[in-house]
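Working notes, beginning with the structure itself.
Atoms within each ligand, like the ligands themselves, are counted from 1 in listed order. Heavy-atom basis, side chains included; hydrogens, waters and symmetry copies ignored.
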Amino acid sequence: MQLHLSTWPEVEAYLAKSKAILIPIGSTEQHGPNGLIGTDAICAEAIATGVGATAGALVGPTINVGNAQHHLGFAGTITLRPSTLMAVIGDYVFSLARHGFERFFFINGHGGNIATVGAAFAEIYAQASLRPGENPRPLRCALKNWWQTPGVQTLTKELFGDREGSHATPSEVSVTQHVHPEAIKRRNMGTPAPRARNFTDAADYRRLFPDGRIGSDPSLASPEHGARLVEAAVRDIAEDYRSFLARD
Ligand SMILES: [Zn+2]
């Protein structure tokens with residue numbers, strides 16, 4: 001069930017049986033020679049949609065721009081600064097909380113969002129703690145990175161080995177090829193630049209990784225691999241979502 005495709009009476013009826021919502025969060029950033037700019041948002045949304053269908057959960061609108069300052073050296077990238085992303089997450093959560101939502105399960109497609117999402121959760125809890133008196137309906141938030149689930153990790157190792165790399169990976173490109181077969185790009189690419197040290201800003205990143213990849217070989221991507229990765233991620237994350245709710 002998608003929030004965008006629901007009416008307000010349907011959302012009210014959903015709230016009578018569940019106070020939880022899934023929120024996909026991604027990024028809008030370069031993904032190497034054959035990867036789509038929307039990769040991280042596309043992956044998070046496709047997997048959240050699958051988890052929503054499996055677990056009977058409502059899926060909120062994707063936060064499709066994240067923290068991507070270090071990719072701004074490449075055309076098409078858009079970033080929110082960390083403080084903006086924290087404000088966006090807080091406004092999503094408090095808007096939904098006003099209607100009675102209490103459990104917020106974010107499904108993330110971008111490593112660069114992790115620290116900021118954690119800080120946004122800390123800000124949300126601080127706001128709740130600083131209100132006078134006991135909070136009758138405590139909010140709880142969780143973040144799940146789809147590429148780190150056990151099923152996905154096993155499959156990634158089996159399919160791509162050490163050619164998975166860490167940015168513009170064949171896994172995430174495969175997922176986008178499965179979701180958008182009409183947008184598959186074929187590009188020749190050589191060996192990726194080695195990861196010599198950590199990067200700082202956009203200019204530094206582009207100097208270190210001239211074609212945008214970090215250690216990956218996304219020419220190995222295929223829509224078939226993408227279908228298997230989505231299936232593995234949905235299976236694992238639906239389970240995590242159920243345990244998240246069972247903690248009450
Ligand atoms: Zn990505």
Go through it in stages, so that I can follow the logic: the residues are R103 and D248, the test is salt bridge (charged side-chain N to carboxylate O under 4.0 Å, His left out), and I'd like the CA-CA distance, side-chain angles, deciding distance and then a yes or no.
CA-CA 10 Å; R103 302 290 175 261; D248 286 326; 2.8 Å; yes
Between F104 and F121, does the ring centre distance come in under 6.0 Å?
no
Aromatic ring proximity, centroids under 6.0 angstrom, H225 and F160
yes
Of all the N, O or S atoms in E172, the one nearest to the Zn ion (ligand 1) is OE1
Taking all atoms of both residues into account, what is the closest heavy-atom pair of Y241 and A55, and its distance?
CD2-CB, 3.7 Å
The Zn ion (ligand 1) and H167: any N/O/S contact shorter than 2.8 Å?
no
Residue D40, metal the Zn ion (ligand 1), N/O/S under 2.8 Å:
yes
